[in-house]
Amino acid sequence: MASHIGVVPPPMTPAKGNEPKTAEKIDYLNLPCPIPYEEIHREALMSLKPELFEGMRFDFTKGLNQKFSLSHSVFMGPMEVPSQASETIKIPTAHYEFGANFLDPKLMLFGRILTDGRLNARVKCDLTDNLILKANSQLTSEPHMSHGMVNFDYKGKDFRIQFQLGNGALFGASYIQSVTPHLSLGSEVFWAGQHRKSGIGLAARYNTDKMVATGQVASTGMVALSYVQKVSEKVSLASDFMYNYMSRDVTASFGYDYVLRQCRLRGKIDSNGCTAAFLEERLNMGLNFILSAEIDHWKKDYKFGFGLTVGE
Amino acid sequence: MASQSRKGGKNRSGEEGVLARVTSTITQSSIVQRGKVVASDAAFVTKKLLKSTGKAAWIAGTTFLILVVPLIIEMDREQQMNELEMQQASLLGTPSVAPQK
């Protein structure tokens, strides 16, 4: 009998002669708060989509204060440029990124600027206990490529509502509700004014202590199912199935995630003939060594990267 | 002239020798023709099989190298560290035993 989060014995006392049930009754008035809608595939994404990169990466984070920290980051390596031909063109680029973070229990500010002129900024502010404001913007020197987005999240007792406003007349709303202590259902709608597209989506998530299963359907033609099983406290296995019924595109992938004391190793294999591995090894206190490898047997594209992360 | 140098003599010029007749009957018989076709097919299939086995072995080998080898290395290191810790715990954890230098 695994512990059930949020289960409370029934409020009424049993009548004399009736023995209370040995199985715990679910108190439907006391369900836990669900995961936010955009994080519904969180466990599967963490295992199956690590930040693979090609080239060399170096990150240095220096904390000046308890709340304030600066970060310097250097990246050198080939970047893929999307081109009309089927061959992807790789151009060696190098850039330096400077960033500053401010972390408060109620306010989080995050900014990054790159040498090629791009600026990323993120704000997360707890307006009240239940209302969270999030804003996110990316500015570039190229015209018409900048975008920004604002989210308002309201966290209820066992539901969450989110409204989203973006530039280019992008509106979105999502709602997710806990139905039982393990199951939560949600839906979202969005409308993109610039592309004159709108869509509706539904999602469901079932989780226990040992596994998480999620399913998501969207009117853009995407069906995504995922299943993550926690085999032990160090190992978890994940699998993911994505089907696009408009473009008849199917992808299935399997992966593992080992969290050991000195390292974290994630590996995955795909039905597109693509296998990848990502290793983060702790060399010393605050010093992490990263290795990333991705082999695409179909397109014969091999990408390997290494890097170092310094700082807490 | 050529017939005179051939073994199994008693050849008259203009007539084929016994050996030549025997070998030509053998090589033109249907069973030998069939054998040749089968041999060339078998060679073709074997070449294709070797090539595709080679390709499959390459794909399996590189995938194993990327997915499994780091895992083995890390699990081995973890096990070594655990053994070291257990050794140290057994050395320091029991106060009745005098610590060995």
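So that the names make sense, note that chain A is the first sequence line, chain B the second, and so on, each numbered from 1.
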Can you see which heavy atom on [X] is nearest to which on [Y], and at what distance?
| X | Y | result |
| --- | --- | --- |
| Thr93(A) | Met79(A) | OG1-CG, 2.7 Å |
| Ala276(A) | Leu52(A) | CB-CD1, 3.6 Å |
| Arg57(A) | Ile290(A) | NH2-CD1, 3.4 Å |
| Arg205(A) | Ile40(A) | NH1-O, 3.0 Å |

query: Taking side chain as C-beta onward, heavy atoms only, is Glu74(B) less than 4.5 Å from Leu279(A)?
result: yes
query: With a 4.5 Å heavy-atom cut-off, do Met56(A) and Phe306(A) have their side chains touching?
result: yes
Which region of [X], side chain (C-beta onward) or backbone (N, CA, C, O), has a non-hydrogen atom less than 4.5 Å from a non-hydrogen atom of chain B, or is it both or neither?
| X | value |
| --- | --- |
| Phe304(A) | side chain |
| Glu281(A) | side chain |
| Leu260(A) | both |

- request: For chain A, find which of Thr63(B), Leu71(B), Thr62(B) contributes the most heavy-atom pairs closer than 4.5 angstrom.
  value: Leu71(B)
field: Residue-level interface, residues 224-241 of chain A with chain B, non-hydrogen cut-off under 4.5 Å
entry: Lys234(A)
- request: Give the ring-plane orientation class for Phe53(A) versus Phe75(A), where under 30° counts as parallel, over 60° as perpendicular and anything between as tilted.
  value: perpendicular
task: If the plane angle is over 60° it's perpendicular, under 30° parallel, otherwise tilted; pick one for Tyr245(A) and Tyr243(A).
output: tilted
